[in-house]
Amino acid sequence: MGIENLTRLAFSMYTNKGAYALLLGAGISRSAHIPSGWEVEEMLIKQLAATQSVTDKKDWHQWYKDKYGHSANYSLLLEALVKTPTERVQLMKGFFEPTAEDKELGWKEPTKAHRAIAKLAKAGYIRVILTTNFDRMLESALDAESVIPQVIHHESDIEKITPITHSKVLTIVKINGDYIDCRFRNTTEELDDYPEPMKNYARRIFEDYGLITCGWSAMWDKGLIDIINGSSSSRYNSFFTNVGKTNDNINALAISRRGEVMQIDGADDLFSELYEQITALEQSNVSRNMSHDVMMVGKATSRRPHPVR
């Protein structure tokens, strides 16, 4: 990880407290063994195929398309497998909530990244988070820090919450939905364009806040890319973090936002080190203020008139 970039980011967040928004993708939950949306879709197709005694295919999405004459999506798969909203939620829980075996392995629990983000949010350095993820790892990490956010799962929630400007709590925007809600977006068509209320809300965030992306490849979310590109440049910097070779979409967004691409080893390292550096800056400032106070007390003492004997 480029220490210069990380240090610059730490200073930016420290000196502009609450001015940066996070945009988190599936990569943030990868070390927790949470499946991506595409992987969940594939597992649902496998379950459907198993009921028809089909157990071995190289491309499960292609099998579904050949079988049913159209591409798979969450809505169609859920309707085929279960009928009521309650049944759908129970089906989705199996992909995102830990079993007893998962807990023994430490899977499907908040990662180091989630926990560091929660600490940064508790300290007031992060006031808004956008995420494309369906899971609730972030909410769990925040709960452990006694942070209760206001959460938008669907565009219909926007008018019910306190505007970010006036809110005293963290705001989480689950731009593609939440597995409990079942009104999530995952198909190409769904990700190509968002409803106007969500577009306007996200656009305002990108205009008012600096941006830090992590675990988000910008490969599939055309609608979200369009929102970012259609937003006026923020007064604050943008950091597009990336593991490995940077794709053209990320490079283009960095140019569009007049930001920078930041190579990292992973989400856990990024946010853990970021939290440590910001904490170090806080402690340094406290020490400097204490030294100043001691110095002023010393000066004041030296100026007092000596008692007449």
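All values derive from a computational prediction rather than experimental measurement.
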Nearest heavy atoms of [X] and [Y], plus distance in Å:
X	Y	value
Leu253	Ala218	CD1-CB, 4.0 Å
Ile227	Tyr194	CD1-CD1, 4.0 Å
Pro35	Met43	CB-CE, 3.6 Å
Ile250	Ser217	CG1-O, 3.6 Å
Thr132	Gly25	OG1-CA, 3.5 Å
Ala254	Phe240	CA-CE1, 3.6 Å

Where do Gln263 and Thr246 land on the side-chain hydrogen bond (donor to acceptor under 3.5 Å, both in side chains) test, with the steps shown first?
CA-CA 8 Å; Gln263 292 296 327; Thr246 309; 2.8 Å; yes
Report yes if some heavy atom in the side chain of [X] is under 4.5 Å from a heavy atom in the side chain of [Y]; otherwise report no.
X	Y	value
His61	Glu42	yes
Ile148	Val169	no
Ile212	Leu9	yes
Leu281	Tyr14	yes
Gln277	Met13	no
Ile264	Asn242	no
Val243	Asp265	no
Cys214	Phe271	yes

Contact list for residues 85-131, test ring pair (Phe, Tyr, Trp, His ring centres under 6.0 Å), sequence neighbours left out
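Checked against ring pair (Phe, Tyr, Trp, His ring centres under 6.0 Å) - neighbours excluded - the pairs reaching residues 85-131 are His33-Trp107, Phe96-Tyr179.
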Residues 196-218 vs ring pair (Phe, Tyr, Trp, His ring centres under 6.0 Å), sequence neighbours excluded, gives none
Rounded to the nearest 0.5 Å, what separates atom [atom1] in [X] from atom [atom2] in [Y]?
X	Y	atom1	atom2	value
Asn247	Lys245	CG	NZ	9.5 Å
Arg257	Leu211	CZ	CG	5.0 Å
Leu120	Arg127	CG	CZ	15.0 Å
Asn176	Leu224	CG	CG	7.5 Å
Ile34	Glu97	CD1	CD	9.5 Å
Glu139	Leu170	CD	CG	9.5 Å

Does Thr131 form a side chain to side chain contact (heavy atoms under 4.5 Å, CB included) with Ile175? I'd like the steps, not just the answer.
CA-CA 6 Å; Thr131 177; Ile175 195 165; over 6 Å; no
Once salt bridge (charged side-chain N to carboxylate O under 4.0 Å, His left out) is applied, what residue pairs with a partner in residues 15-32 remain, sequence neighbours excluded?
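Sorted result for residues 15-32: Arg30-Glu39.
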Is the count of non-hydrogen atoms from other residues, nucleotides or ligands lying under 6.0 Å from [X] atom [atom1] greater than 12?
X	atom1	value
Arg204	CZ	no
Leu105	CG	yes
Asp248	CG	no

Taking atom types as modelled, find out whether [X] and [Y] have a side-chain donor-acceptor pair closer than 3.5 angstrom.
X	Y	answer
Thr171	Gln150	yes
Ser29	Asp135	yes
Ser140	Asp143	no

Counting N and O atoms only, with roles assigned by atom type, does the side chain of [X] sit under 3.5 Å from a partner on the main chain of [Y], one being a donor and the other an acceptor?
X	Y	value
Ser284	Ala280	no
Arg115	Pro110	yes
Asp178	His153	no

Could you list the residues that satisfy ring-ring contact (aromatic ring centres under 6.0 Å, His included) with His70, not counting sequence neighbours?
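Tyr64.
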Any residue meeting side chain to side chain contact (heavy atoms under 4.5 Å, CB included) with [X], in chain and number order, not counting sequence neighbours:
X	value
Asn237	Tyr20, Phe239, Glu260
Ser31	Thr111, Asp268
Ser256	Asn229
Gln90	Lys93

Stepwise, does the side chain to side chain contact (heavy atoms under 4.5 Å, CB included) test hold for Ile152 with Lys174?
CA-CA 6 Å; Ile152 296 173; Lys174 306 193 85 166; over 6 Å; no
Among all residues two or more places apart in sequence or in another chain, which pass the salt bridge (Lys or Arg N to Asp or Glu O under 4.0 Å) test with Glu276?
none
Can you list the residues that meet the salt bridge (Lys or Arg N to Asp or Glu O under 4.0 Å) rule with Glu109, with sequence neighbours excluded?
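In terms of salt bridge (Lys or Arg N to Asp or Glu O under 4.0 Å), with neighbours along the sequence ignored, Glu109 is linked to no residue.
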Distance-only donor-acceptor hits, side chain of residues 50-57, under 3.5 Å, sequence neighbours excluded:
from, atom 1, to, atom 2, distance (Å)
Thr51, OG1, Leu48, O, 2.5
Gln52, OE1, Lys67, NZ, 3.4
Gln52, NE2, Tyr68, OH, 2.7

Inspect the contact between [Y] and [X] and indicate whether a charged nitrogen and a carboxylate oxygen are less than 4.0 angstrom apart.
X	Y	result
Glu145	Lys119	yes
Arg8	Glu4	yes
Lys112	Asp269	no

Steps toward side chain to side chain contact (heavy atoms under 4.5 Å, CB included) verdict (Ile172, Leu142):
CA-CA 11 Å; Ile172 300 176; Leu142 289 165; 3.6 Å; yes
Determine, step by step, whether Asp226 and Asp192 satisfy the side chain to side chain contact (heavy atoms under 4.5 Å, CB included) criterion, reporting the C-alpha distance in whole Å, the side-chain angles of both residues, the deciding distance to 0.1 Å, and the verdict.
CA-CA 9 Å; Asp226 289 343; Asp192 276 353; over 6 Å; no
Output all residues satisfying side-chain hydrogen bond (donor to acceptor under 3.5 Å, both in side chains) with Asp59, sequence neighbours left out; order by chain, then residue number.
none
